[in-house]
S.K.: 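Here it is: the structure, laid out below.
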Amino acid sequence: MNDKNSIIIVGASSAIARAFYREQRARFPEHIIITFSQQQLECCDEQHIHKVLHYSDANIGHALKELSAYIGKLQSVTLFNGQLHNKAQGFTPEKRLADLNEDYFAWLFTVNTLIPLLWLKHLSQYLDHHQHCVITALSARVGSISDNQLGGWYSYRASKAALNMGFKSAAVELKRRAKNCKLVLFHPGTTDTALSQPFQRNVPQGKLFTPDFVAERLSNLIANRPMNGAVDYIDWQGKSIPW
């Protein structure tokens, strides 16, 4: 294992992830950045390693083991996995109970909840009390149970609430064996990406963010997280979101 600092970005082909990569590269030109996505990216150089990967329990574990020599001193991991709709399959957020669809529900729970937790499962093997590392997953304000005043969006809300609970439990465990590891659940706000595109017409003026803006905000927030063993559920302003 090398002694270089490293950064891992998962779901690296998304718009926010690409902007985040550029932001991290500008801030940490000497760090090794390891990226994973399910499609090829235009890269790489000696400081950037990319791996195309179909996300599954076995594949994630194997890929991290294969690249373990490059991980070194892991500084941050950011998980950009997330889905909301799929036009080809007719998957859209539910407006009422009658719209519930078991295939849509299972798909969102796999992508939004299970896959980030599988990454956390395998990454935890590279963490100990000596490691200072921030691990962030993209959550959403609509995953807040107490903040839900509108209803609807059953599957998406539930998948993000489940992700939040998974990270909450993981923070309790990691505090016992990797006390300098910090978990963060990040709500980016409505960002101009394919995920939000069908729902942008109702976004207030000035509240539709660019991926570059979100990447900068996220980078600033990660850099200033207290290593206190708690999980932070925060928005793009750094404000706490009620569970």
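Not measured: the values here are computed from a predicted model.
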S.K.: Return the CG to OG1 distance between Leu79 and Thr136, rounded to the nearest 0.5 Å.
M.R.: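 Answer rounded to 0.5 Å: 8.0 Å.
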S.K.: If you look at every heavy atom in Cys181 and Met227, which pair is closest and at what distance?
M.R.: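 Reported closest heavy-atom pair: C-SD, 4.4 Å.
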S.K.: State yes or no: do Val142 and Phe105 share one hydrophobic cluster built from I, L, V, M, F, W and Y residues joined by side-chain heavy-atom distances below 4.5 Å, directly or via other members?
M.R.: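 Hydrophobic grouping puts Val142 apart from Phe105.
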S.K.: Determine yes or no for a side-chain-to-main-chain donor-acceptor pair under 3.5 angstrom, with Arg157 supplying the side chain and Gly143 the backbone.
M.R.: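 Between the backbone of Gly143 and the side chain of Arg157 there is no qualifying donor-acceptor contact (under 3.5 Å).
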S.K.: Are Ile49 and Phe36 co-members of a hydrophobic cluster defined by side-chain heavy atoms under 4.5 Å apart?
M.R.: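 Linked within one cluster.
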S.K.: Please name the pair of heavy atoms, one in Ser144 and one in Pro242, separated by the smallest distance, quoted to 0.1 Å.
M.R.: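 Minimum heavy-atom contact is OG-O, 2.5 Å.
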S.K.: Kindly say whether Pro116 contributes a backbone atom to a donor-acceptor pair with the side chain of Asn81 at under 3.5 angstrom?
M.R.: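 Not at all, since once roles are kept as given, no pair shorter than 3.5 Å links the two residues.
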S.K.: Provide the closest heavy-atom pair for Glu23 versus Ala215 in the form atom of the first, atom of the second, distance.
M.R.: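 Scanning both residues, the minimum pair turns out to be CG-O, 4.0 Å.
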S.K.: In Å and rounded to the nearest 0.5 Å, what is the CD1 to NZ distance from Ile222 to Lys182?
M.R.: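 Rounded to the nearest 0.5 Å, the CD1-NZ separation comes to 12.0 Å.
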S.K.: Check the angle between the aromatic planes of His50 and His48 and answer parallel, tilted or perpendicular using the 30° and 60° thresholds.
M.R.: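 Correct class here is perpendicular.
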S.K.: Measuring from Lys4:NZ to Tyr70:OH, what's the distance to the nearest 0.5 Å?
M.R.: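 Lys4 NZ to Tyr70 OH: 11.5 Å, rounded to 0.5 Å.
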S.K.: How many angstroms lie between OG in Ser240 and CG in Leu185, if you round to the nearest 0.5 Å?
M.R.: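 If I round to the nearest 0.5 Å, the distance is 11.5 Å.
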S.K.: With sequence neighbours left out, which residue pairs that include part of residues 101-120 fulfil the side-chain hydrogen bond (donor to acceptor under 3.5 Å, both in side chains) condition?
M.R.: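 For residues 101-120: Asn112-Ser159.
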S.K.: Would you find a donor on one side and an acceptor on the other, under 3.5 Å apart, between the side chain of Ser6 and the backbone of Ile71?
M.R.: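 The answer is yes, because a donor-acceptor pair under 3.5 Å joins these two groups.
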S.K.: Are Leu114 and Met165 joined in one hydrophobic group, where the rule is that I, L, V, M, F, W and Y side chains link up if heavy atoms are under 4.5 Å apart?
M.R.: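 Hydrophobic grouping puts Leu114 apart from Met165.
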S.K.: Do you know the tightest heavy-atom contact between Ala137 and Leu163?
M.R.: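 Smallest interatomic distance, heavy atoms only, reads CB-CD2, 4.4 Å.
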S.K.: Ignoring hydrogens and angles, tell me if any N or O in the side chain of Ser124 forms a donor-acceptor pair with the backbone of Lys121 under 3.5 Å.
M.R.: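 Side chain of Ser124 to backbone of Lys121, a donor-acceptor pair under 3.5 Å: yes, one is there.
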S.K.: I'd like to check Trp236 versus Phe213 (side-chain heavy atoms, cut-off strictly below 4.5 Å). Are they in contact?
M.R.: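 The answer is yes, as the side chains (C-beta and beyond) meet within the 4.5 Å cut-off.
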S.K.: Are the side chain of Lys160 and the backbone N or O of Leu138 linked by a donor-acceptor pair below 3.5 Å?
M.R.: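 Indeed, once roles are kept as given, a pair shorter than 3.5 Å links the two residues.
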S.K.: Is there a side-chain contact between Phe186 and Thr78, using heavy atoms and a 4.5 Å cut-off?
M.R.: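 In short, these two side chains do not touch, never coming nearer than 4.5 Å.
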S.K.: Can you name the closest pair of heavy atoms from Val52 and Gln40 and give their distance?
M.R.: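 What the structure gives for the nearest pair is CG2-OE1, 3.2 Å.
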S.K.: Output yes when a side-chain donor or acceptor of His122 lies under 3.5 Å from a complementary backbone atom of Asp57, and no otherwise.
M.R.: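 Yes, the answer is positive, given that a donor and an acceptor are paired below the 3.5 Å cut-off.
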S.K.: Is there a side-chain contact between Gln47 and Arg25, using heavy atoms and a 4.5 Å cut-off?
M.R.: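 Gln47 vs Arg25: side chains touch.
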S.K.: Looking at Gly11 and Ala17, what are the two nearest heavy atoms and their distance?
M.R.: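 Nearest heavy atoms, Gly11 then Ala17: O-CB, 3.3 Å.
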S.K.: Determine whether Leu221 and Gln237 make a side-chain contact, defined as any pair of heavy atoms from C-beta on separated by less than 4.5 Å.
M.R.: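 No. Closest side-chain heavy atoms not under 4.5 Å.
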S.K.: For a salt bridge (Lys or Arg N to Asp or Glu O under 4.0 Å) check, start with the C-alpha distance between Arg141 and Asp235, then their side-chain angles and the critical distance, and finish with the verdict.
M.R.: CA-CA 8 Å; Arg141 189 180 299 277; Asp235 66 12; 2.9 Å; yes
S.K.: For residues Lys175 and Asn228, is any side-chain donor paired with an opposing acceptor at under 3.5 Å?
M.R.: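 There is no such pair (donor and acceptor under 3.5 Å, judged by atom type) between the side chains of Lys175 and Asn228.
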S.K.: Can a donor-acceptor pair be found, under 3.5 Å and without considering hydrogens, that links the side chain of Tyr233 to the backbone of Ala140?
M.R.: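 Judged by distance alone, yes, a pair lies under 3.5 Å.
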S.K.: Are any of the side-chain heavy atoms of Leu218 and Pro188 separated by less than 4.5 Å?
M.R.: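 Counting from C-beta outward, Leu218 and Pro188 never come under 4.5 Å.
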S.K.: Arg177 side chain to Leu127 main-chain N or O, any donor-acceptor pair under 3.5 Å?
M.R.: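 Judged by distance alone, no pair lies under 3.5 Å.
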S.K.: How is the hydrophobic cluster of Leu97 composed, in terms of its other members, when Ile, Leu, Val, Met, Phe, Trp and Tyr link through side-chain heavy atoms under 4.5 Å apart, directly or indirectly?
M.R.: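 Besides Leu97, the hydrophobic cluster comprises Leu100, Tyr154, listed by chain and residue number.
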S.K.: Give me the ring orientation class for Trp153 and Tyr156: parallel if the planes are under 30° apart, tilted from 30 to 60°, perpendicular past 60°.
M.R.: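 Perpendicular: the ring planes of Trp153 and Tyr156 meet at over 60°.
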S.K.: Nearest 0.5 Å please: distance from the CD1 atom of Ile34 over to the CG atom of Leu64.
M.R.: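 Here the interatomic distance stands at 8.0 Å.
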S.K.: Take a 6.0 Å sphere around CD of Glu30 and say whether it holds more than 12 heavy atoms from other residues, nucleotides or ligands.
M.R.: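 12 or below, so no.
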S.K.: Apply side-chain contact (heavy atoms from CB on, under 4.5 Å) to the pair Tyr21 and Leu41, showing each step before the final yes or no.
M.R.: CA-CA 12 Å; Tyr21 170 83; Leu41 297 181; over 6 Å; no
S.K.: Would you say Phe28 ends up clustered with Phe80 if hydrophobic residues are merged whenever their side chains have heavy atoms under 4.5 Å apart, either directly or through other cluster members?
M.R.: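 Cluster IDs for Phe80 and Phe28 match.
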S.K.: For Ser155, does its backbone N or O pair with a side-chain atom of Glu94 as donor and acceptor, under 3.5 Å?
M.R.: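 It does hold such a pair.
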S.K.: Quick one: pull up CD1 in Ile115 and CD1 in Ile60 and give me the separation to the nearest 0.5 Å.
M.R.: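 Reported value, rounded in 0.5 Å steps: 6.5 Å.
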S.K.: Kindly indicate whether the side chain of Gln83, heavy atoms from C-beta on, has any atom under 4.5 Å from the side chain of Leu108.
M.R.: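 Touching, per the 4.5 Å side-chain cut-off.
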S.K.: Is there a path of hydrophobic side-chain contacts, each under 4.5 Å between heavy atoms, that joins Phe109 and Val111?
M.R.: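 No: no chain of side-chain contacts under 4.5 Å links Phe109 to Val111.
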S.K.: Side chains of Val231 and Trp243, heavy atoms from C-beta outward: is any pair under 4.5 Å?
M.R.: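 In contact.
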S.K.: Between Gln39 and Ser37 (side chain of the first, backbone of the second, donor and acceptor by atom type, cut-off under 3.5 Å), is there such a pair?
M.R.: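 Judged by distance alone, no pair lies under 3.5 Å.
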S.K.: Please list all pairs meeting side-chain hydrogen bond (donor to acceptor under 3.5 Å, both in side chains) that have one or both residues in residues 217-226, counting only residues at least two apart or in different chains.
M.R.: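 Output for this query lists Gln24-Ser219, Arg27-Asn220, Arg225-Asp232.
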S.K.: Find out whether Val184 and Phe167 are in side-chain contact, i.e. whether some heavy atom of one side chain is under 4.5 Å from a heavy atom of the other.
M.R.: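 Sidechains of Phe167 and Val184: no contact.
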S.K.: One pair to check against side-chain contact (heavy atoms from CB on, under 4.5 Å): Gln38 and His54. What are the steps and the verdict?
M.R.: CA-CA 6 Å; Gln38 298 191 80; His54 172 70; 3.6 Å; yes
